[in-house]
Amino acid sequence: MNIFKKFKSGLNKSSEKLSEGFKNLILKKNIDNLTLDSLEEFLIESDVGVETAEKLKQIFAKTKIDPQTDGLKQINKIVEKYIQDKMKPLEKKIIDNKNIKPKVLLIAGVNGVGKTTTIGKLGKILSKENNQIVFAAADTFRAAASDQLEVWSKKIGATIIKSDPGSDPASVAFKALEFSKKNNIDYLLIDTAGRLQNKKNLMDEFKKIVNVTKKIDSTAPHEIYLILDATTGQSAINQVEEFQKISPITGLIMTKLDGTAKGGILIAVSEKFNLPIIALGLGEKEDDMQLFDAQNFSKALMSG
Ligand code: GDP
Ligand code: GDP
Ligand code: MG
């Protein structure tokens, strides 16, 4: 499957909902103020955020949209272009500086967003380029977490460093980084426990992981990727705010876009924070992650 088709099938629910909604709103109607308001309201319901909905409404108002002929096409084009212009500057590659060994990627996010799965998928992408990879099972909070990561490590041929459930996550991170230095590893991906933003001890634990990696390499962690679950809607906004308070986030990965019709949330997050986007999770399987590409994303979303 080519990249566009991957995006398209992953974003199917969202794109269908958008095109269906637009069609119903503009079909044979004149584009008057009432229609414009309905369009804005519909966009807000699709989770793109109030700001984006307002800006799009203004562009609709300025454009001569003819619902009798190709009005739907015009609307789709406007939204597609808006998303692409907004999100193109947010494209960011996974760090690939050959001089840094290991490149330490710390994976953050609340419980169940897809951190462990994302580490597996990222590992798969990186291992294709002949990189040596280590996973650190620093989610020692849930007993099954390191088993889950171990399954992924076997699947993609990564080494896993783990510890007993309940042990200090910072110590797992420390051991894993020590091991990775010694063995000339290219990438160290550190899994973490679901940090409920309101649980102070989990947040402190996260800070401790960051600090302990710096003991070995003062430039680590080189990236902190925040994982967001598209199906949780507007609470993603709140999660970005809370995590930014502990540590600067260097990239976002949004998961489960295949499982929701409200993929617009990625646009709302982008409008609000302008954070780089690394990849999108478009399914549960190992190849169901796409490195972020604004053009394919916006085209796929608006081609329902
Ligand atoms: P964690 O608690 O953050 O580590 O989350 P997990 O990696 O354990 O994932 C939680 C659930 O979400 C699992 O059932 C995953 O298979 C599922 N999941 C993760 N990413 C995606 C995705 O992109 N699409 C879908 N449909 N499911 C996903
Ligand atoms: P502490 O738990 O209050 O001592 O917090 P630290 O931030 O100093 O360290 C966190 C964890 O990282 C510790 O529990 C250790 O397991 C591990 N760690 C830190 N420094 C070292 C070190 O120099 N050697 C080893 N082996 N582990 C360390
Ligand atoms: Mg996990």
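When a residue number appears, it is its place in the shown sequence, counting from 1. Only heavy atoms go into these numbers, but all of them, side chains included; no hydrogens, no water, no symmetry mates. Atoms within each ligand, like the ligands themselves, are counted from 1 in listed order.
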Nitrogen or oxygen atoms of T117 and ligand 1 under 3.5 Å apart: yes
Close approach, L282 and ligand 1, non-hydrogen under 4.0 angstrom: yes
Nearest neighbour of atom 23 (O) of ligand 1 from the list K256, K285, M289, on a heavy-atom basis: K256
Close side-chain approach of F292 to I253, heavy-atom, < 4.5 Å: no
Shortest protein heavy-atom distance from atom 5 (O) of ligand 1, along with the residue and atom involved: G114 N, 3.0 Å
Sidechain N-carboxylate O distance under 4.0 Å for D37, K57: yes
Test: K208 and E205 ion pair at under 4.0 Å: no
Atom indices of ligand 1, in the order listed, that fall short of 4.0 Å to a heavy atom of K115: 1 (P), 2 (O), 3 (O), 4 (O), 5 (O), 7 (O)
Pick from Q148, E284, M254: the one approaching atom 17 (C) of ligand 1 most closely through a non-hydrogen atom: E284
Validation row: L280, F7 side chains within 4.5 angstrom (heavy atoms): yes
Minimum-distance protein heavy atom relative to atom 22 (C) of ligand 1: G283 O, 3.1 Å
For ligand 1, the portion of T116 having any non-hydrogen atom under 4.0 Å away: both
Within-shell test, G109 vs ligand 1, heavy atom, strictly < 4.0 Å: no
Presence of salt bridge, E271 and K86, under 4.0 angstrom: yes
4.5 Å side-chain heavy-atom contact, D191 and F135: no
Minimum-distance protein heavy atom relative to atom 24 (N) of ligand 1: D258 OD1, 2.8 Å
Ligand 1 versus I227: contacting region, heavy-atom distance under 4.0 Å: neither
Min N/O separation L257 to ligand 1 under 3.5 Å: no
Basic-acidic side-chain contact under 4.0 Å: E51, K55: yes
Over 12 non-hydrogen atoms of neighbours within 6.0 angstrom of NZ in K214: yes
N, O or S atom of T192 closer to the Mg ion (ligand 3) than 2.8 Å: no
For G281, the ligand 1 atoms whose distance to one of its heavy atoms is below 4.0 Å: 23 (O)
Residues K124 and D287 bridged, charged N to O under 4.0 Å: yes
Contact with ligand 1 for G112, non-hydrogen, under 4.0 angstrom: yes
Side-chain heavy-atom pair F206, I224 within 4.5 angstrom cut-off: yes
